[in-house]
Amino acid sequence: MTQRVNIDKKVLSENDRLAAEIRSQLARKKIVTLNLVSSPGSGKTSLLEKTLAALKKELSIAVIAGDVQTQNDAVRLEKAGGPIVRPIITGGACHLDARMVSRVLAELPLDEVDLLFIENVGNLVCPSSYDLGEDMKVVLISTTEGDDKPLKYPGMFRRSSTMVINKVDLLGTSDFELSRARENALQINGSLKVFEVSCRSGEGLDKWYAWLGKLVSDKKGVSAPE
Ligand code: MG
Ligand code: ZN
């Protein structure tokens with residue numbers, strides 16, 4: 001048991017070292033980097049599809065799409081207008097780590113990129129322990145899940161800076177309550193920024209897009225247009 005703990009510690013500290021390298025590399029290039037985490041089926045890929053389609057004229061967006069198997073999500077994202085999409089197939093691993101990301105970053109034309117999304121593997125547990133060098137984690141939940149997700153997976157909500165509640169068009173078809181989900185999340189992390197969206201109806205996405213645009217202009221040190 002002690003040995004097991006020591007190995008985990010070693011893996012994580014090596015991961016942190018690599019993540020710090022990635023972070024400074026991305027900072028030099030002034031790239032906003034968001035690590036998207038959620039359970040399977042919350043809509044990470046759908047949110048990215050919408051975002052790429054809406055913002056591709058204004059911003060140069062790259063996506064690293066992690067999946068345990070298949071490149072299906074990466075193919076969807078390329079169709080949505082993402083010319084810079086790279087899949088990572090973890091071959092069984094239930095999270096991305098900094099080594100996988102750093103390998104893929106070496107292939108990306110970073111000088112052209114404003115905004116980088118890392119779509120993590122659908123899993124609310126161990127991706128919270130693996131720093132990928134991102135600016136922040138964005139956690140998604142959807143109204144087809146339990147509104148107690150934040151209480152069940154507090155580590156993830158504590159380490160995320162932003163929460164997106166997806167599928168608000170389906171509110172009322174289950175016991176999910178928006179106010180309760182928000183309260184549960186804020187109880188875990190009072191500084192979470194919350195977006196409520198539907199990738200299907202488009203509701204709420206304008207605020208998400210505007211926020212992304214502001215992150216990019218802040219990073220580049222230019223003021224956002226009034
Ligand atoms: Mg996906
Ligand atoms: Zn894992």
Side-chain angles (χ1 to χ4, degrees), residues 4-19 22 33-56 61-104 115-134 136-145 149 152-160 162-167 170 195 197-200 205 208 212:
R4 168 83 221 193
V5 168
N6 285 340
I7 291 167
D8 285 350
K9 264 195 191 149
K10 206 176 152 206
V11 167
L12 283 175
S13 72
E14 170 62 10
N15 187 80
D16 284 348
R17 189 189 63 73
L18 256 176
I22 293 172
T33 303
L34 304 180
N35 179 0
L36 230 55
V37 292
S38 79
S39 304
S42 302
K44 296 186 296 303
T45 310
S46 300
L47 181 65
L48 288 176
E49 277 180 319
K50 287 285 182 184
T51 303
L52 287 172
L55 298 181
K56 66 183 171 190
I61 304 176
V63 181
I64 296 176
D67 257 310
V68 174
Q69 283 302 338
T70 84
Q71 300 194 10
N72 295 356
D73 286 358
V75 170
R76 275 174 65 187
L77 293 169
E78 269 173 339
K79 280 196 188 134
I84 322 177
V85 177
R86 292 289 180 282
I88 296 180
I89 295 169
T90 65
C94 48
H95 57 266
L96 296 181
D97 64 31
R99 180 166 303 280
M100 300 172 192
V101 171
S102 117
R103 260 191 228 126
V104 174
L115 175 59
L116 169 65
F117 287 103
I118 302 172
E119 181 183 344
N120 217 310
V121 178
N123 170 2
L124 283 174
V125 186
C126 43
S128 74
S129 305
Y130 287 84
D131 184 3
L132 303 179
E134 71 272 359
M136 64 179 93
K137 289 185 176 64
V138 174
V139 63
L140 252 84
I141 62 170
S142 70
T143 63
T144 53
E145 303 166 47
K149 275 272 162 81
K152 286 185 173 166
Y153 302 97
M156 188 57 99
F157 289 82
R158 206 172 289 127
R159 291 191 176 100
S160 297
T162 299
M163 172 172 76
V164 177
I165 304 177
N166 187 25
K167 309 188 191 179
L170 297 178
F195 291 94
V197 310
S198 163
C199 290
R200 207 164 68 147
L205 287 172
W208 163 252
L212 293 173

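Indexing begins at 1, ligand by ligand and atom by atom, following the structure's order.
Summary: OE2 is the N/O/S atom of Glu119 found nearest to the Mg ion (ligand 1). Per residue Asp73, closest N, O or S atom to the Mg ion (ligand 1): atom name OD2.
For CZ of Arg99, the number of neighbouring non-hydrogen atoms (other residues, nucleotides, ligands) closer than 6.0 Å is 12 at most.
Judged by distance alone, with hydrogens and angles left aside, the side-chain atoms of Asp131 form no donor-acceptor pair with the main-chain N or O of Asp16 at under 3.5 Å. At least one donor-acceptor pair under 3.5 Å links the side chain of Asn123 to the backbone N or O of Cys94.
Side-chain contact between Asn72 and Asp67 is absent, with no heavy atoms from C-beta onward closer than 4.5 Å.
Between Trp208 and Phe195, the ring planes are perpendicular. Angles over 60° get that label, and only those under 30° would be called parallel.
Within a radius of less than 2.8 Å around the Zn ion (ligand 2), the protein N, O or S atoms are Cys94 SG, His95 ND1, Cys126 SG.
The CG atom of Asn120 sits 5.5 Å away from atom CG of Leu132, with the distance rounded to the nearest 0.5 Å.
Partner of Lys167 under the side chain to side chain contact (heavy atoms under 4.5 Å, CB included) criterion, chosen from Cys199, Ser42, Ser46, Ser142: Ser142.
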